[in-house]
Amino acid sequence: MTINSFFLYPKSPFHFDGTFHKPSHFPNKLPLDDWQPGKYWQLMRVGEKLFGLRIEDRGDVYNPKLKVTAYFNFDNLRDDRLKDGKTKLPQSELELIKKEIIYRYELDQDLSDFIKLTKKNKRFTPVFNRWLGMRNSCEHNLYELLIISIVLQNATVHRSVQMLDNLLVKYGDQTEFDHKKFYAIWRPENLKYVSEQKLRNLKIGYRAKFIKRLTEDFIDKKVDEFSLRKMTKESARNELMKLYGVGPETSRILLFEALHHYDAFDHIAPWQQKIYSQLFYNQPLVSANKIKKDIIKHYGRYSMLAVHYIWEDIFWRRKNEKIDWLEKEIRL
DNA sequence: CATCAGGGCCCTG
DNA sequence: CAGGGCCCTGAT
């Protein structure tokens, strides 16, 4: 294994912990990443290779600076193609990794318009101030996030965790760096010859068919993450909705998290509606249309981003404090 | 023991 | 456009 480190300088302001840890995401047993204040670890796929990343906070909100340590050439990977035997990482690959980190964690995003907007509506100003500089980041590539979205469909959190873990044990890449063990979601190619029945054996139910067909679409380049990244929200949504097993909620997740469209607020799932109703109205249930109208009125093209701040804020609070109405709606 | 809904989506009529 | 069915699981 070899190691390479470098620095990255996010656009100011930047909130390290808010960006690298999202407490609303479900914690699976087989870790895809790890976080402690000021430090973050994950396995990241760039091209066909897998890298271990340790990202450390070496600055502050107004002078952000990240130290990135990249580990590669693991000895213990199942797939030999993922290591190339070279000990030094070529400059071109290093640039690719940097670009990918910058994209997934939105390090270059200019949030000044959004920040101005959040000052207009006083009600949530404390929340926006608390997380000033937080990004809508996504540790995963599009395929990986799609897999996670599929196991989330029509299941309780507990079962989603079980489904993902079953899949990871069988098909994920497992490796260790910086004295920590991590899993990474497989490349589509690694699932190519796995039958639907084999997948069903992992208790993922009818989702097996979705994963099978979606994986084929990625292998056949019917979906290309990099061209989707360049599209408008509407065209990207159209493309995603064509995929078998991708509906309004899954495409919203992908548009917002993986493709970073801040206005991807077209769809509100019933369980989210209940949480939004409490957060925004202190009421058990407000109509989804009203919620949508009100949020868009206040936050316009930043509607989903604004909701993300308020959403994550309550889940941060939940770490130290019991919030009864929230516990009820999360349904582990 | 049976029944049911769940952090959606597909398919049919 | 509405509504039934889908895999499986834990709750009732």
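All chains are named by letter (A, B, ...) in the order of the sequence lines, taking the proteins before the strands, and each is independently numbered beginning at 1.
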> Is the centre of the A:Phe128 ring less than 6.0 Å from the centre of the A:Tyr299 ring?
Replying inline: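 Yes: the rings meet the under 6.0 Å criterion.
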> For A:Lys212, which residues count as a salt bridge (charged side-chain N to carboxylate O under 4.0 Å, His left out) partner, sequence neighbours excluded?
Replying inline: A:Glu216
> Got a sec, which residues hit salt bridge (charged side-chain N to carboxylate O under 4.0 Å, His left out) with A:Lys180, two or more places apart in sequence or on another chain?
Replying inline: A:Asp34
With the side chain of [X] defined as its heavy atoms from C-beta on, choose the nearest nucleotide among [options].
X        : options              : answer
A:Arg159 : B:dC9, B:dG6, C:dC6  : B:dG6
A:Thr250 : B:dG6, B:dC9, B:dC10 : B:dC9
A:Lys203 : B:dC9, B:dC11, C:dT9 : C:dT9

> Any side-chain N or O of A:Tyr244 under 4.0 Å from OP1/OP2 of B:dC11?
Replying inline: yes
Within the 4.0 Å heavy-atom criterion, would you say [X] contacts the bases, only the backbone, or no part of the nucleic acid?
X        : answer
A:Gly247 : sugar-phosphate
A:Arg207 : base
A:Leu243 : sugar-phosphate

What nitrogen or oxygen pairs link the protein and nucleotides 10-12 of chain C at under 3.5 Å?
none

>> What verdict does the salt bridge (charged side-chain N to carboxylate O under 4.0 Å, His left out) test give for A:Asp294 and A:Lys290, after you've listed the backbone C-alpha separation in whole Å, the side-chain angles of each residue and the deciding distance to 0.1 Å?
In response: CA-CA 6 Å; A:Asp294 289 347; A:Lys290 175 166 175 52; 3.0 Å; yes
> Quick one, which residues of residues 265-280 of chain A touch DNA chain C with a heavy atom under 4.0 Å?
Replying inline: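 Contacts with DNA chain C under 4.0 Å: none.
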>> So, using side chain to side chain contact (heavy atoms under 4.5 Å, CB included) as the criterion, who are the partners of A:Gln109 when residues are at least two apart?
In response: A:Glu106, A:Arg135, A:Tyr262
>> Taking Watson-Crick (N1-N3 plus N6-O4 or O6-N4) and G-U wobble (N1-O2, O6-N3), each under 3.5 Å, can you produce the dot-bracket string of DNA chain B? Use [ ] for crossing pairs and | for inter-strand ones.
In response: .|||||.||||||
